[in-house]
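Beneath this line is the structure, given in structure tokens, with notes to follow.
Here is how names work: the chains are called A, B, and so on, in the same order as the sequence lines, proteins then strands, and each is numbered from 1.
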Amino acid sequence: MSRIAIKTRQKRQVIDLTDRINEVIRQQNVSDGLCHVFVLHTTAAISVADLDPGTDLDYLEALAALIPDLDYRHPHDPEHTPDHILAMLIGPSLSIPVEARQLVLGTWQRVILLEFDGPRERQLVLSFLK
Amino acid sequence: MSRIAIKTRQKRQVIDLTDRINEVIRQQNVSDGLCHVFVLHTTAAISVADLDPGTDLDYLEALAALIPDLDYRHPHDPEHTPDHILAMLIGPSLSIPVEARQLVLGTWQRVILLEFDGPRERQLVLSFLK
Amino acid sequence: MSRIAIKTRQKRQVIDLTDRINEVIRQQNVSDGLCHVFVLHTTAAISVADLDPGTDLDYLEALAALIPDLDYRHPHDPEHTPDHILAMLIGPSLSIPVEARQLVLGTWQRVILLEFDGPRERQLVLSFLK
């Protein structure tokens, strides 16, 4: 099990984790199996996506427009509720195959962290399974 | 592999599974690895969330408002279709790291069952991996 | 690790993978553990669903109506952006318990591939874990 920290710089942001995870895989000398990525927060999520220029902003705008503008009860900050719901919809975790000491991904797939309530330092747990 | 049953009490409900899963982890004497949670139903889902008071109702209302009100074909009960779509969007399964015989979670993260068509008894399968 | 290819026939389509995955499980002689399914594309997703007649079209219509119609930036094809966002919301991957050489699923659960930008040949990676 490895922990990595990712600094985010905006309220909402898409961050490419692929190279960072591959670096941990090489350091840990993981040859084949699965890499499990888990983010330890309720307003951030893990996914894969095509990161053609501009698409990160497309994703963030579409996701923002998705969540209905209701009168939320959240005790500290009701405006915070859509961040939680987006994190739940995308999900906090992903498992990706590993082969020959790197992630097995499609041509356009990048592993991403979706920040919905930054800027913050986000903690991720990487686990490797055979 | 362990199976647990969870009784839900409302049509839509958020149920905190964290203590129940940690209890199984201790009983099974799982020290480190991953805990995989899988719900055996198509109108319930597994996620993690902050469960500050009132947020469960926020999540359920936002999710209900998300699904478009179309003229669905579902043969037995077309009003049932949004329950299925929410279950698909959140997902039936989650893997969570385990360390020192308990789930590794962030400060605000609770593992939750989302019931979209209760009340029912829901079956979950827990698998442990090293 | 096994790779399988699935031919899709429509722009958007739900394809039942259950029998195909069970066949690989039997061929690989996997007795118990987890089966991890990962699709190597950014406009397709993996989930489980009830496939009562007509429900596949219900799911696809509801999902299409979910994504807001914004002025997307995607450099090659902005109309393509909703396909990416749906793939991200459903997710590229799923782990399912295996027992006695077959997937452990609820009565109504089928493992599905959701095609959002077909027709294409889609590549999937299956990994088996104990």
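- Separating the CG atom in A:L89 from the CG atom in B:L66 is a distance of 6.0 Å, to the nearest 0.5 Å.
- To the nearest 0.5 Å, atom NE2 of residue A:H80 and atom OG1 of residue B:T55 are 10.5 Å apart.
- The 12-atom threshold is exceeded at CG of B:N29, counting heavy atoms of other residues, nucleotides or ligands nearer than 6.0 Å.
- The environment of NZ in A:K11 is crowded: more than 12 heavy-atom neighbours from other residues, nucleotides or ligands sit within 6.0 Å.
- Most heavy-atom pairs under 4.5 Å with chain A, from the set B:A62, B:A45, B:A65: that is B:A62.
- In this structure, the portion of B:S47 lying under 4.5 Å from any heavy atom of chain A is its side chain and not its backbone.
- A distance of 12.5 Å separates OH in A:Y72 from CG in B:L57, rounded to the nearest 0.5 Å.
- If you measure heavy-atom distances from B:L114 to chain A, the contacts under 4.5 Å come from the side chain alone.
- For the atom pair NE2 (A:H36) and NE2 (B:H36), the distance works out to 9.0 Å, reported to the nearest 0.5 Å.
- Atom OG of A:S95 is separated from atom CG of B:L34 by 6.5 Å, given to the nearest 0.5 angstrom.
- When A:T42, A:V39, A:I90 are compared by the number of non-hydrogen pairs under 4.5 Å with chain B, A:T42 comes out ahead.
- The nearest pair of heavy atoms linking B:V104 to A:L40 is O-CD2, 3.8 Å.
- For A:R122, no part lies near chain B; criterion is any non-hydrogen pair under 4.5 Å.
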**Report entry** B:Q109/A:F38 under side-chain contact (heavy atoms from CB on, under 4.5 Å): CA gap, chis, key distance, verdict
**Finding:** CA-CA 12 Å; B:Q109 281 182 315; A:F38 190 85; 3.6 Å; yes
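- Of the candidates A:L70, A:D71, A:I85, B:E61 forms a side chain to side chain contact (heavy atoms under 4.5 Å, CB included) with just one, namely A:L70.
- To the nearest 0.5 Å, atoms CD1 (B:I112) and CE (A:M88) are separated by 4.0 Å.
- Side-chain contact check for B:L94 versus A:P92: some heavy-atom pair is nearer than 4.5 Å.
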